[in-house]
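Contents: one structure, followed by commentary.
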Amino acid sequence: NISRFPYLSSGASAEKYYWTQSHDVKGAEGQTYTPIAEYYDSTNENTPRGYLEGWFGGAYDGQRYTIENVSINDFTQEQQAARLSSCAGLFGVVYNGTLKNIVMYSSTGESTVTSGYYTNTQSSWYAIGALAGVAASHTGNAVENCAVSGYTIKAYTYTATNSGRWGGTGVGGLLGISNMNLSGCSSVVDVQVLSGSTSNDNMRIGGLVGVCQKGITACYAGGSIKIE
């Protein structure tokens, strides 16, 4: 039930929450985390299973504090069982939100952002990036002064047959799919598209962003891209 997550935006709630990071954050050794703000309904009989009900629509200011050694996998146990997840990243889905001054850093070089491979998924799209899977806006919001370094993006994905719907896969170092302006951002990561990945529409890959439909200003991408 989306009401359990009042900090998320949804079709029923357009309230915005403003988050400010006040110190460095370090992931626990051996721990893997799930994305912020990608909530699916797996039980509601009145909507299709896999319907995206909640996303991040607020503002997050990292104030240039670090988020260090936080490895991310795309699913909770509930999502894994239902094969619902369509995104991987620190944030799953950002819509009409703002991300700025966020620094993700792997001091060991072993931190990863990993997708799932679900052959019975109902989703015709998938997006993976270290900062966010999807970042979209129709209100002029932006991603500003964000940086990721030392991470490995491991994309092993499967998307369902399009069936007349929009579909495809976006794999990027910072963002998988973006419809937001980017400025002052950087991504120095290793992007890996693993053998067996299947996209029944198209797959777009980039060091900074897999797919971007808005402007990119004063940004930088390094690292590597490997397609097995």
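Position 1 is the first residue of the sequence, and the numbers go up from there.
- Leu90 and Trp19 fall within the same hydrophobic cluster, defined by Ile, Leu, Val, Met, Phe, Trp and Tyr side-chain heavy atoms under 4.5 Å apart, directly or through other members.
- Note that CG of Asn69 and OG1 of Thr112 are 11.0 Å apart. Values are rounded to the nearest 0.5 Å.
- For the ring pair (Phe, Tyr, Trp, His ring centres under 6.0 Å) with Phe56, the qualifying choice from Phe91, Tyr18, Tyr17 is Phe91, the only one to do so.
- Neither side chain, Asn73 nor Thr32, offers a donor N or O lying under 3.5 Å from an acceptor on the other.
- Taking CG of Leu175 as the start and SG of Cys87 as the end, the distance is 11.0 Å to the nearest 0.5 Å.
- Atom CG in Asn141 sits 10.0 Å away from atom CG in Asn181 (nearest 0.5 Å).
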Between Val148 and Ser186, does the side chain to side chain contact (heavy atoms under 4.5 Å, CB included) criterion hold? Intermediate values first, please. CA-CA 6 Å; Val148 179; Ser186 65; over 6 Å; no
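- At a threshold of 4.5 Å between non-hydrogen side-chain atoms, the residues Ile205 and Ile225 count as touching.
- A heavy-atom distance below 4.5 Å is not found between the side chains of Val94 and Trp55.
- Inter-residue side-chain proximity for Tyr33 and Gln31 is flagged as met; some heavy-atom pair is nearer than 4.5 Å.
- Taken from CG in Asn145 to CD1 in Ile102, the straight-line distance is 10.5 Å, to the nearest 0.5 Å.
- Counting heavy atoms from C-beta on, the side chains of Thr157 and Met203 come closer than 4.5 Å.
- Annotation: side chain of Lys16 is in contact with side chain of Asn96 (closest heavy-atom distance under 4.5 Å).
- Checked against Asp61 for a side-chain hydrogen bond (donor to acceptor under 3.5 Å, both in side chains), the options Thr98, Thr20, Asn101 give a single hit: Asn101.
- Checked by atom type, the side-chain pair Thr217/Ser183 shows no donor-acceptor distance below 3.5 Å.
- The OG atom of Ser195 sits 12.0 Å away from atom CD1 of Ile227, with the distance rounded to the nearest 0.5 Å.
- No side-chain heavy atom of Val189 sits under 4.5 Å from any side-chain heavy atom of Ser149.
- Under the 4.5 Å side-chain contact rule for hydrophobic residues, Tyr60 and Val103 do not share a cluster.
- Shortest non-hydrogen contact noted between Cys219 and Gly184 is SG-N, 3.8 Å.
- Judged by distance alone, with hydrogens and angles left aside, the side-chain atoms of Ser111 form no donor-acceptor pair with the main-chain N or O of Ser71 at under 3.5 Å.
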Val25 and Met104: CA distance, side-chain angles, deciding distance, side chain to side chain contact (heavy atoms under 4.5 Å, CB included) verdict: CA-CA 10 Å; Val25 175; Met104 295 179 65; over 6 Å; no
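- In terms of heavy-atom proximity, Val113 sits nearest to Ala130 at CG2-CA, 3.9 Å.
- Distance CZ/Arg64 to CG/Asp24: 13.5 Å, rounded to 0.5 Å.
- The hydrophobic cluster containing Tyr220 does not contain Leu208, counting ILVMFWY residues as joined when their side-chain heavy atoms lie under 4.5 angstrom apart, directly or transitively.
- In the hydrophobic clustering of ILVMFWY residues, with side-chain heavy atoms under 4.5 Å counting as a link, Leu99 and Ile216 come out together.
- Counting all heavy atoms, side chain and backbone alike, Gln63 lies closest to Gln21 at NE2-O, 2.8 Å.
- At least one side-chain heavy atom of Gln192 sits less than 4.5 Å from a side-chain heavy atom of Thr152.
- Taking each heavy atom of Lys214 and Ser137 in turn, the nearest pair found is NZ-O, 3.9 Å.
- With hydrogens and angles disregarded, a donor-acceptor distance shorter than 3.5 Å links the side chain of Ser115 to the backbone of Tyr156.
- Donor-acceptor pairing under 3.5 Å is recorded for the side chains of Ser107 and Glu68.
- Here the closest heavy-atom approach between residue Ala88 and residue Thr114 is recorded as CB-O, 3.8 Å.
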After noting the C-alpha distance and the side-chain angles of Tyr151 and Leu131, does the key distance pass the side chain to side chain contact (heavy atoms under 4.5 Å, CB included) rule? CA-CA 11 Å; Tyr151 273 74; Leu131 182 62; over 6 Å; no
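- The two atoms that bring Ser106 and Gly150 nearest to each other are CB-O, 3.4 Å, heavy atoms only.
- For the pair Ile177 and Tyr126, the minimum side-chain heavy-atom distance is 4.5 Å or more.
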